[in-house]
Amino acid sequence: MSNIIEIFIFLTRGLGAVVCPFPVLTIEPRVNLLAIVILSRRNCGLSTGTTRYLVAMAIADLLFVFTEVILWRIGYYYFSESFLCITPVCSVIAVLRLAARECSVWYTVAFSFDRYVAICCRKLKTKYCTKKTAAVVLATTCIILSLGNVPFYFTYEPGDIIDNVPWNCYTKPNYYTDPGWVAFDLFDVILTPLLPFSFILFLNALTVRHILLASRVRKGLRGQINGENRSDPEMESRKKSMILLFTISGSFILLWSVYVLDFLYYNIAGTNPRAYNSSEFIFERVGLMLMNLSCCTNTFIYGATQSKFREQLKRAVTYPVASIVQLLHTQNN
């Protein structure tokens, strides 16, 4: 919970909060790294394919925190005279942070589809839900999204030119008025997050429908309709998968909603975001804050929904202390 509060405080820095954000830098990357290590050990009771999706999501989250928080936000607010603020450099950083953000989003979609196939498509499951397929899907998604964000490099212009060196990155005014850039902006928002919204809601609806029907059939076959109460390992396994799936996808939809509303507002109303009044600006900043937060929550979701992950996390946290205690006990003896 303290992590979330610190991230919230830091990402509202643009609203005028004067708070040192460095605790985020020392905690959030470590938590993501710890999640990557724990999941990579494959002791959480998850299949290899599922583990690859979750590890990829954790890596994308970690890269987003590094590019968005450390390189972009810290560079702008605290190291405004460093090389990070040279226009070509911060333009590259902008492309990297956008690519990391979209990878985090679309990895969620890929994970949702993988769970849909695993739960609802028995015949396709053996061919699709494999570690090889997961690797191909993740690599292809990363390459396509990275290339698709390259045009953003050309949407920035320098704020100042000092000794023939361009400094800072400001969005070009024609980005919101030029038909080509307007179309590109629309395509980008459709790609992320409108399409993921639609895919996740559609896949979850199909998955819920399938589970409800399968549950009724299995209860009938196992005699539970007549009042017997026997455990069903298959349904328990599906229930755990659904808890993880719905928590991740539900968090994504909730945290991106304000950003989508802001996009719809400035397109329908024909308002330039650079000319927002104070209330519109605050609404936009809150949307960006929640959107950024959505790329930092998966680690917490693992801990909240997966008992085996919590067990491995507890072991990892207590291992140094236990080792020291054991060492001291050995020396005393």
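Checking side-chain atoms of S257 against main-chain N and O of I253 turns up a donor-acceptor pair under 3.5 Å. Judged by distance alone, the side chain of K131 and the main-chain N or O of T51 form no donor-acceptor pair under 3.5 Å. Using modelled atom types, no side-chain atom of Y128 and backbone atom of T133 make a donor-acceptor pair closer than 3.5 Å. Checked by atom type and distance alone, the side chain of S104 never pairs as donor or acceptor with a backbone atom of A100 at under 3.5 Å.
Of the inter-residue distances, the one linking W181 atom CH2 with L186 atom CG reads 14.0 Å to the nearest 0.5 angstrom. Summarising the geometry, atom OH belonging to Y265 is positioned 11.0 Å from atom CD belonging to E284; distances are rounded to the nearest 0.5 Å. In this structure, CZ on R209 lies 15.0 Å from CG on N204, to the nearest 0.5 angstrom. Remark: L98 CG to T67 OG1 distance equals 8.5 Å, nearest 0.5 Å.
The only option from V55, D61, L54 that meets the side chain to side chain contact (heavy atoms under 4.5 Å, CB included) definition with I36 turns out to be V55. Checking each of Y176, Y175, F152 against F184 for a ring-ring contact (aromatic ring centres under 6.0 Å, His included) leaves exactly one that passes, namely F152.
The minimum heavy-atom distance between V260 and L194, with the atom names listed, is CG1-CD2, 3.7 Å. Residues W72 and A94 approach most closely at CZ3-CB, 3.6 Å, considering heavy atoms.
SG distance check for C169 and C85: not under 2.5 Å.
The aromatic rings of Y259 and W256 sit perpendicular to each other, their planes meeting at more than 60°, with 30° as the lower class boundary.
With hydrophobic clusters built from ILVMFWY side chains whose heavy atoms lie under 4.5 angstrom apart, L261 shares a cluster with M289.
Between E68 and R97 there is a salt bridge, since a side-chain N of the basic residue sits under 4.0 Å from a carboxylate O of the acidic one.
Contact annotation: the side chain of E280 never approaches that of D262 to less than 4.5 Å [non-hydrogen atoms, C-beta and beyond]. With a 4.5 Å cut-off on side-chain heavy atoms, W106 and F199 count as touching.
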